[in-house]
Amino acid sequence: MIGSSPESGPGAFNARWGPRLRALAGRYPAAVDGSFALALLLVGVPHLLKEPPRQPFLGWGLQIALLVPLIWRRRAPFTAFAVVAALAFVQWLGGVLLSTGDVAVLVALYSVAAHSTLRRLLVAAGIVEIGVAMATDQWAPRGHLGKVFVLLSGMTTAAAVIGLNMRTRRAYLASLEDRAARLEKERDQQAQIVAAEERARIARDVHDIVTHSLSVMVALTDGAAYTLPASPERAADAVSKASEIGRQAIAEMRRVLDVLRQDAPPSAGLRSPQPGLGQLDALLTEVRAAGLPVEFVVTGRPPAMASGAELTIYRLVQEALTNVRKHTPPGTTARVRLEYAAAHVEIEITDDGRPAVGVPSGRQRTGHGIAGMRERVAVYGGLMQAGPLPDGGWRVHARFEPSQLESAR
């Protein structure tokens, strides 16, 4: 038993050729409608040759004239219908029955339903119903007037309903296309926002890495130059430490910049994890080696948090201590306090340094560093304060809820 496969059925034909035919009709509507009118004319030719009308000239003329207005049925549907209805009335006056030509009336009504307003559709449908009654009275057998009238009225209703359905479907497809275009635009805007946020994140990382590393290296090399005559060994240790910090900074910079190279393979040996809470001790060791005494106090146990949250805390401490070295005189001491409680996580960095002479307290630590810290803290829904202390010095304080550190906003 041979059956039709899905690849060769009507559904496959419609799926393959339907979109192409609709696109062709949209680009060349007059040519497509002209071809359709010509096809109707050719279908009616054998019938006219077999049963020629009593008035051949009028019959052939009306057969052609009824189909010609269908060429502009999309561009001017109601005008095309009016012309077809007028010619059909002439046909009725002449007593010429043209079954194929009368199809033009239904096609014109369908066009009004599909491409014109509802008010014009009601007018056109009323005119066609009057024509149905007149045609039934003139050409239907006397014993079947009711049946013929119902049949022709049903055909009229079907043409109007199909046209309305096509207009509704076209409007629905247009709304889907509009929605798809808006979604695409929103996706593009969202991608731009994500890209801007990523650039800002990378800029913050680069700022933190460069300012911290360079400030520590400068402090170590200055110390090495100062101690070189009296203690070459200590100077050598300081230079070695500065070299180590420089290599670490290069590795971190490459790790950050590798994010921008989508097609580049990861740099060998430079894919170390991002710094977090576990690297705070090493950070403080570097700061102390650069000449800034730092007290480190931790209370409680850290909750579970995302790696990005640990990086935020690390960068917060790093930037705050970098600012202490940049904006305070020698002899300043700093204190880093981490408090882990059930209801909150607090990070506080304070120092006892006085601002430089001639610089008002509270204005000596402006720039991108504090703004970057605020942005990092805001990503995890935290609050940050930074400002001078009443008795001198500076305080940076951030507070989070433990649940906020599990994922970024």
Side-chain angles (χ1 to χ4, degrees), residues 194 197-213 215-216 244-245 247-259 266-267 269-288 292 294-324 334-350 368-386 395-409:
V194 171
E197 292 176 348
E198 184 65 12
R199 287 195 298 269
R201 183 193 66 80
I202 293 173
R204 290 194 300 267
D205 281 345
V206 170
H207 173 272
D208 292 345
I209 294 169
V210 171
T211 55
H212 168 74
S213 300
S215 63
V216 172
E244 179 184 351
I245 293 174
R247 285 191 293 269
Q248 292 176 358
I250 292 174
E252 281 200 72
M253 286 289 293
R254 287 182 178 175
R255 177 183 57 77
V256 171
L257 295 179
D258 274 347
V259 177
S267 303
L270 297 176
R271 281 298 188 183
S272 57
Q274 294 188 122
L277 299 180
Q279 285 71 44
L280 282 177
D281 287 331
L283 171 67
L284 298 181
T285 299
E286 294 177 3
V287 173
R288 292 173 183 133
L292 176 65
V294 182
E295 179 186 1
F296 188 32
V297 179
V298 180
T299 58
R301 298 183 59 182
M305 62 180 73
S307 59
E310 292 194 21
L311 176 63
T312 294
I313 296 175
Y314 179 92
R315 295 298 189 202
L316 186 68
V317 175
Q318 182 186 55
E319 177 63 22
L321 294 177
T322 299
N323 285 340
V324 174
R335 183 174 187 267
V336 177
R337 180 178 65 86
L338 300 184
E339 180 179 328
Y340 304 111
H344 63 268
V345 172
E346 287 189 1
I347 302 95
E348 183 183 60
I349 304 95
T350 57
H368 297 293
I370 292 180
M373 287 191 285
R374 292 189 191 278
E375 292 173 1
R376 288 183 182 278
V377 171
V379 168
Y380 289 89
L383 298 176
M384 195 200 90
Q385 296 176 338
R395 175 177 181 264
V396 175
H397 177 266
R399 182 185 178 96
F400 303 91
E401 293 182 7
S403 60
Q404 293 174 321
L405 296 174
E406 296 178 2
S407 60
R409 282 188 174 181

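Between the side chain of Tyr380 and the backbone N or O of Ala309, at least one donor-acceptor pair lies under 3.5 Å. For Glu286 (side chain) and Leu283 (main-chain N/O), no donor-acceptor pair under 3.5 Å exists by modelled atom type. The main-chain N or O of Val294 is found under 3.5 Å from a side-chain atom of Arg288 such that the two form a donor-acceptor pair. No donor-acceptor pair closer than 3.5 Å links the side chain of Glu339 to the backbone N or O of Thr299.
Between atom CZ of residue Arg335 and atom CD1 of residue Ile349 there is a gap of 11.5 Å, rounded to the nearest 0.5 Å. The distance from atom CD of Glu310 to atom CG of Leu405, rounded to the nearest 0.5 Å, is 9.5 Å. In this structure, CD on Glu346 lies 11.0 Å from CG on Leu383, to the nearest 0.5 angstrom. Atoms NE2 and CD, from His397 and Glu348 in turn, are 6.0 Å apart once rounded to the nearest 0.5 Å.
Considering only heavy atoms from C-beta on, Leu284 comes within 4.5 Å of Leu321 through its side chain. Between Leu277 and Met305, some side-chain heavy-atom pair lies under the 4.5 Å cut-off. Between Leu280 and Val336, every side-chain heavy-atom pair lies at or beyond the 4.5 Å cut-off. A heavy-atom distance below 4.5 Å is not found between the side chains of Val345 and Gln404. The shortest distance between side-chain heavy atoms of Met373 and Asn323 falls below 4.5 Å.
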As a quick check of understanding, evaluate side chain to side chain contact (heavy atoms under 4.5 Å, CB included) for Arg376 and Leu316, giving each step before the final call.
CA-CA 8 Å; Arg376 288 183 182 278; Leu316 186 68; over 6 Å; no
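The environment of Gln385 atom CD is sparse: at most 12 non-hydrogen atoms of other residues, nucleotides or ligands sit within 6.0 angstrom.
Pro402 and Ala341 make their closest contact through CG-O, 3.8 Å (heavy atoms, listed as atom of the first residue, atom of the second, distance). Taking all atoms of both residues into account, the shortest heavy-atom contact from Tyr314 to Gly276 is CD1-O, 3.4 Å.
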